[in-house]
> 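Sharing a structure below in structure tokens format, with a few things to ask.
Everything numeric in this text was worked out from a predicted model, so none of it was measured.
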Amino acid sequence: MTDATANEKAAALRALHVPGSPLVVPNVWDAASARAVEAAGFPVVATGSAAIAPVLGYDDGEATPVEEMLAAVARIVRAVGVPVTADMERGYGLKPAELVARLAATGAVGCNLEDSDPRTDEMVDADEQAAFLGAVRAAATEAGVDLVINARVDTYMNGTGTPSERLAESVRRGGLYLRAGADCVYPIFVSDAGVVRALAEGIDGPINVLFRPGTPSIGELAALGVARVSFGHGLHSAVQAYTAQMVAAIQAGNSPYPPGLTAG
């Protein structure tokens with residue numbers, strides 16, 4: 001039976017992708033970080049594979065067994081009441097119908113799917129990726145599952161060519177993926193304001209930008225027409241770096257806590 005509540009959450013997630021008023025998603029890695037994001041008032045929780053993988057003891061790039069990744073997503077879904085969208089890399093080798101069914105079983109209502117091979121970093125043929133996304137959309141429709149698909153475009157991470165060629169290829173791939181059934185296009189690692197604007201204007205649909213040091217501010221990204229801002233594994237990396245500093249302070253015989261911090 002179709003879970004109407006899940007489909008309502010998917011519709012709510014999709015509606016939040018508004019160019020100029022972006023959905024901001026601080027990506028999480030476990031139930032505790034998900035609860036922190038929800039408690040801060042964010043309307044959506046998004047996972048990051050590069051954050052979850054090391055928590056589970058694996059490298060990113062689909063090195064995590066799919067059963068463990070899906071179990072981690074399910075725990076996050078159970079911990080919060082807001083819609084959850086999951087980073088599923090390139091599907092962990094699952095066929096579209098199985099991917100849809102197993103993701104729906106976790107309670108997640110959205111997913112990221114990328115267009116380079118996470119094991120080799122080679123770009124996937126754009127038509128092949130569009131066919132894959134179209135098959136995922138068709139499988140979801142057949143199953144009565146409303147799934148919000150964020151199609152990652154990796155031309156600025158693993159692609160080649162001049163800046164103008166990369167821009168043109170990103171726009172081309174974005175259009176293909178939207179026509180195949182994606183809801184949003186995610187040209188990861190784009191940070192130049194002019195390029196962001198060109199992508200927002202050239203791709204006929206919502207775009208997602210990864211926020212990292214050197215990226216325009218969230219307000220500036222909104223003005224450029226961005227519809228979604230995510231943080232990838234950046235928050236988890238920062239937390240791990242801070243943890244390492246605290247451990248080093250303890251090793252040196254010092255308090256790891258900054259002045260004024262109340263530790264439980």
Side-chain angles (χ1 to χ4, degrees), residues 12-29 33-52 60 80 82-87 110-112 114 148-159 163-164 166-171 173-174 177-178 182-243 245 258 260-261:
L13 169 60
R14 183 178 291 106
L16 289 167
H17 290 73
V18 180
S21 182
L23 167 66
V24 178
V25 286
N27 297 72
V28 307
W29 52 94
S33 56
R35 285 175 173 150
V37 167
E38 182 183 41
F42 290 93
V44 169
V45 162
T47 74
S49 68
I52 290 179
D60 193 30
V80 297
V82 297
V84 174
T85 180
D87 181 358
C111 66
N112 283 9
E114 58 203 51
V148 179
I149 301 173
N150 192 28
R152 208 178 84 178
V153 176
D154 289 358
T155 44
Y156 286 92
M157 181 171 72
N158 294 324
S164 61
R166 289 196 188 203
L167 174 60
E169 180 64 3
S170 299
V171 171
R173 284 177 176 257
Y177 302 163
L178 288 168
D183 297 284
C184 183
V185 175
Y186 183 13
I188 195 169
F189 286 176
V190 170
S191 57
D192 178 82
V195 175
V196 171
R197 184 182 296 280
L199 289 167
E201 293 175 349
I203 295 174
D204 189 22
I207 70 164
N208 180 181
V209 168
L210 174 69
F211 189 95
R212 57 186 182 140
T215 304
S217 70
I218 293 174
E220 290 168 332
L221 290 173
L224 294 169
V226 172
R228 176 167 166 173
V229 179
S230 54
F231 287 75
H233 70 291
L235 298 182
H236 180 256
S237 294
V239 168
Q240 290 302 106
Y242 187 62
T243 300
Q245 292 177 14
L261 177 67

> Among residues at least two apart in sequence or on other chains, which ones pass side chain to side chain contact (heavy atoms under 4.5 Å, CB included) with Val18?
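If we apply the side chain to side chain contact (heavy atoms under 4.5 Å, CB included) test to Val18, skipping adjacent residues, the hits are Ser21.
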> Suppose the criterion is ring pair (Phe, Tyr, Trp, His ring centres under 6.0 Å): which pairs have a residue in residues 208-233, not counting sequence neighbours?
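Of all non-adjacent pairs touching residues 208-233, those that pass ring pair (Phe, Tyr, Trp, His ring centres under 6.0 Å) are Phe211-Phe231.
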> OG/Ser49 to CH2/Trp29 distance, rounded to the nearest 0.5 angstrom?
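The CH2 atom of Trp29 is 14.0 Å from OG of Ser49, to the nearest 0.5 Å.
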> Let me confirm one number: the CD-CD distance from Gln245 to Gln240, rounded to the nearest 0.5 Å.
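Answer for the CD-CD pair, Gln245 versus Gln240, is 12.0 Å.
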> Can you name the side chain to side chain donor-acceptor pair (under 3.5 Å) partners of Ser170, sequence neighbours left out?
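Expected list: Thr155.
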> Could you report the tightest heavy-atom contact between Gly232 and Leu210, atom names first, then the distance?
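Of all heavy-atom pairs spanning Gly232 and Leu210, the closest is N-CD1, 3.4 Å.
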> Assess whether side chain to side chain contact (heavy atoms under 4.5 Å, CB included) is satisfied between Ile188 and Tyr156, documenting all intermediate values.
CA-CA 7 Å; Ile188 195 169; Tyr156 286 92; over 6 Å; no
> Side chain to side chain contact (heavy atoms under 4.5 Å, CB included) for Thr85 and Thr47? Distances and angles first, verdict last.
CA-CA 7 Å; Thr85 180; Thr47 74; over 6 Å; no
> Considering only residues two or more places apart or on different chains, which pairs with a residue in residues 210-219 satisfy salt bridge (Lys or Arg N to Asp or Glu O under 4.0 Å)?
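Sorted result for residues 210-219: empty, none.
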> Minimum heavy-atom separation for Gly110 to Leu13, with atom names?
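In terms of heavy atoms, the two residues are closest at CA-CD2, 4.2 Å.
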> Locate the shortest heavy-atom distance separating Leu178 from Ala182; write the atom from each residue and the value.
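The pair with the smallest heavy-atom distance is CD2-O, 3.5 Å.
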> For Val226 and Val229, which heavy atoms make the closest approach, and how far apart are they?
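Looking at all heavy atoms of both residues, the shortest contact is CG1-CG2, 4.0 Å.
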> Please give me the minimum heavy-atom distance between Gly225 and Pro19, naming the atom from each residue.
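Shortest heavy-atom separation between Gly225 and Pro19 comes out as O-CB, 3.4 Å.
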> Using the test salt bridge (charged side-chain N to carboxylate O under 4.0 Å, His left out), find all partners of Asp183 that sit at least two apart in sequence or belong to another chain.
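Testing Asp183 for salt bridge (charged side-chain N to carboxylate O under 4.0 Å, His left out), a comparison that skips the adjacent residues, returns Arg14, Arg137.
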> Let me confirm one number: the CD1-CG distance from Ile207 to Leu199, rounded to the nearest 0.5 Å.
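Result: 5.5 Å between the selected atoms.
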> Do Leu235 and Asn27 have side chains that approach each other closer than 4.5 Å (heavy atoms only, starting at C-beta)?
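The answer is no, as the side chains (C-beta and beyond) never meet within the 4.5 Å cut-off.
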> Return the set of residues passing side chain to side chain donor-acceptor pair (under 3.5 Å) with Glu220 (not counting sequence neighbours), or none when no residue passes.
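Listed in chain order: Ser217.
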> Going by the rule salt bridge (charged side-chain N to carboxylate O under 4.0 Å, His left out), which residues pair with Asp154 if we only count those two or more places apart in sequence or in a different chain?
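Asp154 satisfies salt bridge (charged side-chain N to carboxylate O under 4.0 Å, His left out) with Arg152 once adjacent residues are dropped.
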> Is there a side chain to side chain contact (heavy atoms under 4.5 Å, CB included) between Val84 and Val44 once you walk through the steps?
CA-CA 6 Å; Val84 174; Val44 169; over 6 Å; no
> At their closest point, which heavy atom of Val28 faces which heavy atom of Ile52, and how far apart are they?
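So the two residues come closest at O-CG1, 4.2 Å.
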> Just to verify, what does Asn150 make a side chain to side chain donor-acceptor pair (under 3.5 Å) with, not counting sequence neighbours?
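In terms of side chain to side chain donor-acceptor pair (under 3.5 Å), with neighbours along the sequence ignored, Asn150 is linked to Asn112, Asn208.
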> Got a sec, which residues hit side chain to side chain donor-acceptor pair (under 3.5 Å) with Asn158, two or more places apart in sequence or on another chain?
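By the side chain to side chain donor-acceptor pair (under 3.5 Å) rule, Asn158 matches Ser116.
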> Rounded at 0.5 Å granularity, tell me how far SG in Cys184 sits from CD1 in Ile149.
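These two atoms lie 11.5 Å from each other.
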> With sequence neighbours left out, what residues match Pro43 under side chain to side chain contact (heavy atoms under 4.5 Å, CB included)?
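For Pro43 the side chain to side chain contact (heavy atoms under 4.5 Å, CB included) partners, ignoring immediate neighbours, are Leu16, Leu23.
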> Who are the salt bridge (charged side-chain N to carboxylate O under 4.0 Å, His left out) partners of Arg173, not counting sequence neighbours?
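Partners of Arg173 by the salt bridge (charged side-chain N to carboxylate O under 4.0 Å, His left out) criterion, ordered by chain and then number, come out as Asp115, Glu169.
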> Please collect all side chain to side chain donor-acceptor pair (under 3.5 Å) contacts where either partner lies in residues 185-199, sequence neighbours excluded, each pair once.
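Listed once each, the pairs are Tyr186-Ser230.
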